[in-house]
Amino acid sequence: MTKAQEIAYDLREQILSGALAGGEALPSESKMMSQYGYSRETIRAGVRLLIEEGLVVTGQGQGKYVREDYPPVVWNWTTLESRSRHANAVEGRTAGDQWASVIAENGNAPRQEISVSIVEPPAHVRERLELPADGLAVARKRVRYIDNRPYALADSYFPQELVSGTPLMEPRDVSAPGGILASVGLVQAKYVDEISVRMPTRREAELLGLPAATPVAEHTRTGYDAGNRPLRCMVTILPGDRHKILYEVSTD
């Protein structure tokens with residue numbers, strides 16, 4: 001190993017063993033220079049390796065900290081937004097936004113920052129909604145927090161002519177028995193899900209406070225009515241360090 005790799009290896013072992021806990025500051029450069037007997041530049045090169053791995057993050061000023069662990073959220077996309085969950089909402093066993101109800105059931109505090117606008121949707125969303133090149137969509141964009149920590153981004157797009165004048169135009173949490181779309185006569189009969197894994201954009205990293213080297217899953221769910229007309233396209237950005245996605249698949 002090079003000297004920088006040797007420093008990175010030792011610090012990595014301390015992090016993985018718990019000797020250096022999540023959120024704890026690394027020893028100062030001066031202290032590590034004394035401990036390892038190497039120059040400041042070599043110390044910085046070793047720490048930089050851990051930053052690139054995502055084990056260490058840069059704090060305010062010059063401080064370097066062990067990356068904090070986020071308690072993982074498990075998403076069962078087979079049942080989330082299912083008819084059974086909507087039926088339970090009618091019976092009072094779940095309430096409001098489906099995502100928020102799942103988080104609350106797990107004993108955590110959900111919160112969303114919501115904005116609504118009329119936009120030219122991204123190309124892949126326009127294709128899913130089968131909109132013309134100049135077609136407009138209503139976009140409900142949400143930053144989702146759990147216990148006041150940013151966990152996900154969820155942007156839902158609807159053909160403008162379908163939802164104008166409905167509660168979906170309101171920039172706040174809205175809900176209805178069976179779902180907002182169903183309450184205005186737009187019943188989603190099936191979903192088509194797509195999942196890709198990639199590195200985040202700068203905007204996504206900023207909104208979610210992502211340390212370096214944090215991949216995200218992009219989950220795109222398109223809802224169709226019984227006549228196969230697209231009603232909604234929801235794009236959810238799930239950081240890889242705080243989510244698990246679960247599907248139950250029948251063998252029939």
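Note that the coordinates shown come from a computational prediction; the quantities given were computed from them, not determined experimentally.
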If we only count heavy atoms from C-beta on, is the [X] to [Y] side-chain gap below 4.5 Å?
X	Y	answer
R144	W99	yes
K64	I51	yes
R140	L168	yes
E13	S17	no
I7	I43	yes
Y145	E113	yes
W75	H243	yes
S196	H124	no

[X] with [Y], same ILVMFWY side-chain cluster at under 4.5 Å:
X	Y	value
Y36	V66	yes
F158	V192	no
V73	L207	no
L136	L186	yes
M32	L20	yes

Looking at [X] and [Y], would you say the former's side chain and the latter's main chain have a donor-acceptor pair under 3.5 Å?
X	Y	value
E206	R203	no
D147	A109	yes
T42	A4	no

Closest non-hydrogen atom pair, [X] against [Y]:
X	Y	result
Y65	G23	CD2-O, 3.6 Å
A189	A226	CB-N, 3.7 Å
R142	D155	N-OD1, 3.7 Å
V116	E170	CG2-O, 3.7 Å
A139	V119	CB-CG2, 3.9 Å
L129	P230	O-CG, 3.4 Å

Roughly how far, to the nearest 0.5 Å, is [atom2] of [Y] from [atom1] of [X]?
X	Y	atom1	atom2	result
M234	Y191	CE	OH	8.0 Å
L26	Q14	CG	CD	9.0 Å
L49	R12	CG	CZ	7.5 Å
L153	L238	CG	CG	9.0 Å
I245	N76	CD1	CG	11.0 Å
I103	I146	CD1	CD1	3.5 Å

Could you walk me through whether Y157 and K141 satisfy the side-chain contact (heavy atoms from CB on, under 4.5 Å) test, starting with their C-alpha distance in whole Å, then the side-chain angles of each, then the deciding distance to 0.1 Å, before giving a yes or no?
CA-CA 9 Å; Y157 298 87; K141 298 190 176 186; 3.8 Å; yes

Begin with the C-alpha distance, continue with both residues' side-chain angles, and end with the deciding distance and a verdict on side-chain contact (heavy atoms from CB on, under 4.5 Å) for R172 and V174.
CA-CA 6 Å; R172 60 188 179 92; V174 292; 4.2 Å; yes

Would you be so kind as to tabulate the donor-acceptor pairs closer than 3.5 Å made by side chains of residues 215-222, with sequence neighbours excluded?
| residue | atom | partner | partner atom | Å |
| --- | --- | --- | --- | --- |
| E218 | OE1 | R198 | NE | 3.0 |
| E218 | OE1 | R198 | NH2 | 2.7 |
| H219 | NE2 | D193 | OD2 | 3.2 |
| H219 | NE2 | Y247 | OH | 3.1 |
| R221 | NE | D193 | OD1 | 2.8 |
| R221 | NE | D193 | OD2 | 3.4 |
| R221 | NH1 | L80 | O | 3.1 |
| R221 | NH1 | E81 | OE1 | 3.3 |
| R221 | NH2 | W77 | O | 2.7 |
| R221 | NH2 | D193 | OD2 | 2.9 |

Exceeds 12 heavy-atom contacts within 6.0 angstrom, atom CD of E24:
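Above 12, so yes.
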
What verdict does the side-chain hydrogen bond (donor to acceptor under 3.5 Å, both in side chains) test give for T214 and R67, after you've listed the backbone C-alpha separation in whole Å, the side-chain angles of each residue and the deciding distance to 0.1 Å?
CA-CA 11 Å; T214 305; R67 179 182 186 148; 2.6 Å; yes

side-chain contact (heavy atoms from CB on, under 4.5 Å) between R232 and L162, intermediate numbers included:
CA-CA 10 Å; R232 179 195 64 158; L162 293 184; over 6 Å; no

Under 4.0 Å between a side-chain nitrogen and a carboxylate oxygen: does that hold for E6 and K3?
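Looking at K3 together with E6, the answer is no, because their closest N to O distance does not fall below 4.0 Å.
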
Any ion pair linking R242 and D69 (charged N to carboxylate O, less than 4.0 Å)?
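The answer is no: the pair does not qualify as a salt bridge.
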
Decide side-chain hydrogen bond (donor to acceptor under 3.5 Å, both in side chains) for D225 and Q188; before the verdict, give the C-alpha distance in whole Å, the side-chain angles of both, and the deciding distance to 0.1 Å.
CA-CA 5 Å; D225 66 13; Q188 297 178 96; over 6 Å; no

Which class fits the ring pair Y151 and Y70: parallel under 30°, tilted 30 to 60°, perpendicular over 60°?
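Ring orientation, 0 to 90° scale: perpendicular.
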
Would V163 and L181 satisfy side-chain contact (heavy atoms from CB on, under 4.5 Å), going step by step from the backbone distance to the final call?
CA-CA 8 Å; V163 300; L181 282 176; 4.1 Å; yes

Looking at residues at least two apart in the chain, or sitting in another chain, which of them share a side-chain hydrogen bond (donor to acceptor under 3.5 Å, both in side chains) with E194?
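side-chain hydrogen bond (donor to acceptor under 3.5 Å, both in side chains) check on E194 returns R128.
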
